Amino acid sequence: MNLEERKKHIQSGGAQKYHDAMAKKNKLFVRERIALLLDADSEFIEDALFANASAKDLPADGVVTGLGQIDGQKVAIIANDSTVKAGSWGTKTVEKIIRMQETAEKLSLPLFYLIDSAGARITDQVEMFPGRRGAGRIFYNQVQLAGKIPQICLLFGPSAAGGAYIPAFCDVVVMVEENASMYLGSPRMAEKVIGEKVTTEEMGGARMHCTISGCGDVLVSSEKEALFFGRRYLSYSTYEKESRGVSEAAKELAQVIPENENAPLNMHDFIENLIDEASFCEIKALFAKEIITGFARLNGKSIGIVANQSIIKGGVLFPDSADKATKFIQICNAYRIPLLFLADVPGFMIGSQVEKAGIIRHGAKLIAAVSEITVPLISVIVRKAYGAGLYAMAGPGFQPDATLALPTAKIAVMGPDAAVNAVYAGKIAELPENERALFIQEKRKEYEADVDLFKLSSEMVVDDVVAPRDLRQTLITRFAFYESKREKKAQTKIYPM
C-alpha cells in the first residue's frame, strides 16, 4: 500500500462487523462524530495516526487525537474508536491521550473528550498502567488543567473502570441515553465480587447518572444531540452573540410571580422572561431540581445563573443541591463568566436524614465557593431569602457587586410563621384557644415590620429595590459597568463533588 492507502486503511477503523454492530445501536463512527462536532469547513489536524501501526488490528491504537475548530474557536480532541478493541486503552493509546492533553495546555485550547471505551487492555497493563507516563497521568493532567481550559466530555458508550474518572474530572458530562454508561466495576464483576445482580443501566446508565448520582450533567437522546450540545456549551465560554431580546411571548415578570407569597414560583418561567430569547443552557436539569444552574445570554453576553426552584421541594437546599451549585459556580469563576443569583429560598433542609448525609459539610462547600467568586456578581432577592439560604445565594455579606431586591423580596433569619412559633411557642400554649389566632397574627405583623424591605433598604442591606419590568435593563446596565472587575483571591480549582 502507498501512503494514502495506508492512511485510508487506518482511518477506516476496525473490521466491518464492528461498524455494523455500532450502527444497530444508532452509534456513529468516531470520525463521523468529530466531523459533526467541528465546523464543516474546519480542517482536522490529526496526530499519531500511525500509532501502533505494526499491529494490524489496532489502527491508530483505538484513539483519534487532533485539533480543529468550532465556530472558529480552535479546540483539541481526544476520541475513542470503539471499532478497535471496543475503544480500549493500550500503551500507545495512553501516550496519545497524554500528549494531546499537553498540547491543549500549551496552546490554551478547550479540550473535548469523546468517550466510548471498554477500559484498559489487560494484556498491556504493565506498560500502560503503573508508570510515570501511564494511565494515572491522564487524571493527574486533568486536575492540572481544571479551571485553565474547558474540559468537555461527550459520553457515547461505556467509560469503564479507571476510565470512568475522565468524565468525573471534566467540567461537563453529556450522556447519550441507552448507550452511555460509566462505572468502576461492571455488573458481571459486581455479581462475582459482592454478589449483587444489577443491570448496566442500574449500575451506571446515563439516566441514573443524570438523575441520581449527579455524575452526568446533560442527558440527550442521540449522538447528534450530544455533539450539538458540545458546540453550544463551548459558545458560552468563548464568544458573545448579538442580542435577540426576550421572546415576543414573554410576560412581564410581575405576572410570573404569584400574588400569594406561599404559592410556588416556577423559576424557569422567571428566567425565560428575563434573558435573551431561547438562550438558556441548563446544566444538571434532572439532578437536584430544587436549584437551577445554567448559562444564558443577557443582551448577547454570557452569564451563569444560579436560581432556587420553589416548585420542587419548596426550593429548600439539600446536600445534592449544594454540590450542584458549587461545581457550577467554580466553572463560571474559572472562565470569567459573570454570575447572577436569583433567590427564592427558605434555607437549608433540617432533620436527622440530611444531617447524616452531611448537609453542613456540603453546605460549607457551597458557601466557600460563593466566598471565592471573583467575577462580576449580582444577587437578586426575588421573594424570600431566609437563614443561611441568603448566604448560599450570595447575600450582602459575600461581597456581590450589587444586592438587588424586587418589591416581593423578604430577607430574614426565618419566615414569620416559623419565627413566631420559635419565640412564642410557650406563650401560645398558655393562651386560651380562642385567643391564639389573634396573638399569632399580631406577632406576625410585628415580625414583618421588623424585616420590612424598605427598612432593610434604609440600612443598606440591599443596594436597590427594582420593579420587575425594570430588572432586565438594570442587570444589563450593571453587568456592563462591572466588566472591568478584577479581584484577586487564592486560585480555585474545579474539583469534582
Side-chain angles (χ1 to χ4, degrees), residues 1-22 27-35 37-38 44-68 75-105 111-142 151 153-167 169-170 182:
M1 287 189 287
N2 63 30
L3 177 60
E4 289 306 313
E5 288 172 336
R6 283 181 182 275
K7 284 187 175 182
K8 285 182 180 179
H9 175 70
I10 293 172
Q11 289 168 346
S12 67
Q16 185 59 44
K17 64 180 180 180
Y18 299 120
H19 287 268
D20 295 340
M22 286 183 64
K27 295 174 72 172
L28 300 170
F29 179 46
V30 61
R31 294 180 186 276
E32 292 178 276
R33 291 170 180 164
I34 292 171
L37 178 65
L38 298 179
F44 181 58
I45 307 300
E46 186 171 353
D47 286 338
L49 173 66
F50 294 100
N52 221 356
S54 57
K56 295 180 180 179
D57 61 342
L58 292 170
D61 210 43
V63 67
V64 180
T65 59
L67 307 175
V75 298
I77 293 175
I78 295 167
N80 301 120
D81 182 353
S82 61
T83 68
V84 178
K85 299 286 186 183
S88 59
W89 294 2
T91 308
K92 300 295 189 296
T93 318
V94 170
E95 181 62 24
K96 286 178 71 171
I97 293 171
I98 291 171
R99 289 189 187 189
M100 188 48 58
Q101 289 177 318
E102 292 168 346
T103 297
E105 181 176 27
L111 177 55
F112 280 82
Y113 299 85
L114 278 56
I115 304 296
D116 192 352
S117 171
R121 293 176 207 151
I122 302 300
T123 52
D124 285 21
Q125 66 172 320
V126 173
E127 294 83 5
M128 59 76 64
F129 174 67
R132 287 180 176 267
R133 298 285 289 187
R137 185 75 181 189
I138 295 171
F139 313 126
Y140 173 88
N141 285 346
Q142 281 191 276
Q151 295 185 83
C153 174
L154 307 181
L155 191 48
F156 301 107
S159 183
Y165 283 107
I166 282 186
F169 287 116
C170 284
M182 51 178 159

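A quick note: this is a predicted structure, and the numbers were derived from the prediction, not measured.
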Problem set entry | Ile138 vs Ile98, side-chain contact (heavy atoms from CB on, under 4.5 Å): CA-CA, chis, key distance, verdict | CA-CA 6 Å; Ile138 295 171; Ile98 291 171; 3.9 Å; yes
At what distance, to the nearest 0.5 angstrom, does [atom1] of [X] lie from [atom2] of [Y]?
X: Ile77; Y: Leu38; atom1: CD1; atom2: CG; value: 4.0 Å
X: Lys8; Y: Met1; atom1: NZ; atom2: CE; value: 12.5 Å
X: Thr103; Y: Leu111; atom1: OG1; atom2: CG; value: 9.5 Å
X: Gln125; Y: Thr91; atom1: CD; atom2: OG1; value: 10.5 Å
X: Thr65; Y: Ile78; atom1: OG1; atom2: CD1; value: 7.0 Å
X: Met100; Y: Tyr113; atom1: CE; atom2: OH; value: 11.0 Å

Around atom [atom1] of [X], are there more than 12 heavy atoms from other residues, nucleotides or ligands closer than 6.0 Å?
X: Phe44; atom1: CZ; answer: yes
X: Arg133; atom1: CZ; answer: yes
X: Tyr140; atom1: OH; answer: no
X: Lys85; atom1: NZ; answer: no
X: Arg99; atom1: CZ; answer: no

Donor-acceptor under 3.5 Å ([X] side chain, [Y] main chain):
X: Arg33; Y: Leu28; result: yes
X: Lys96; Y: Ala48; result: yes
X: Ser117; Y: Gly87; result: yes
X: Lys7; Y: Leu49; result: no
X: Asn2; Y: Glu4; result: yes

Looking only at heavy atoms, which two atoms of [X] and [Y] are closest? And how far apart?
X: Val30; Y: Ala79; answer: CG2-CB, 3.5 Å
X: Asp116; Y: Pro158; answer: OD1-CD, 3.3 Å
X: Gly163; Y: Pro167; answer: O-CD, 3.4 Å
X: Ala104; Y: Ala76; answer: CB-CB, 3.9 Å
X: Ser82; Y: Met22; answer: OG-SD, 3.3 Å
X: Lys92; Y: Ala51; answer: CB-CB, 4.3 Å

Problem set entry | Criterion side-chain contact (heavy atoms from CB on, under 4.5 Å) against Asn80, the qualifying member of Val63, Val64, Ile166 |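 The side-chain contact (heavy atoms from CB on, under 4.5 Å) with Asn80 is passed solely by Val63 among Val63, Val64, Ile166.
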For this session: Determine whether Cys170 and Gln142 make a side-chain contact, defined as any pair of heavy atoms from C-beta on separated by less than 4.5 Å.
Result: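 A side-chain contact exists here, since the closest heavy-atom pair is under 4.5 Å.
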Problem set entry | Heavy-atom check, side chain of Val75 versus side chain of Leu37, under 4.5 Å |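 No; the side chains remain at least 4.5 Å from each other.
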For this session: Give me the ring orientation class for Phe139 and Tyr165: parallel if the planes are under 30° apart, tilted from 30 to 60°, perpendicular past 60°.
Result: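 Phe139 and Tyr165: perpendicular rings.
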Problem set entry | Sole candidate of Asp124, Asp81, Asp61 that passes side chain to side chain donor-acceptor pair (under 3.5 Å) when paired with Thr93 |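 When Asp124, Asp81, Asp61 are each tested with Thr93, the side chain to side chain donor-acceptor pair (under 3.5 Å) holds only for Asp61.
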For this session: Start with the C-alpha distance between Phe29 and His19, add both sets of side-chain angles, then the distance that settles side-chain contact (heavy atoms from CB on, under 4.5 Å), and finish with yes or no.
Result: CA-CA 7 Å; Phe29 179 46; His19 287 268; 3.4 Å; yes
For this session: Using the side-chain contact (heavy atoms from CB on, under 4.5 Å) rule, take Ile34 and Leu114 through it: C-alpha gap first, then chi angles, then the decisive distance, then the call.
Result: CA-CA 8 Å; Ile34 292 171; Leu114 278 56; 4.2 Å; yes
For this session: Decide yes or no on side-chain contact (heavy atoms from CB on, under 4.5 Å) for Lys17 and Thr83, but give the supporting numbers first.
Result: CA-CA 9 Å; Lys17 64 180 180 180; Thr83 68; over 6 Å; no
For this session: Could you go through the salt bridge (Lys or Arg N to Asp or Glu O under 4.0 Å) check for Arg31 and Glu46 one step at a time?
Result: CA-CA 11 Å; Arg31 294 180 186 276; Glu46 186 171 353; 2.8 Å; yes
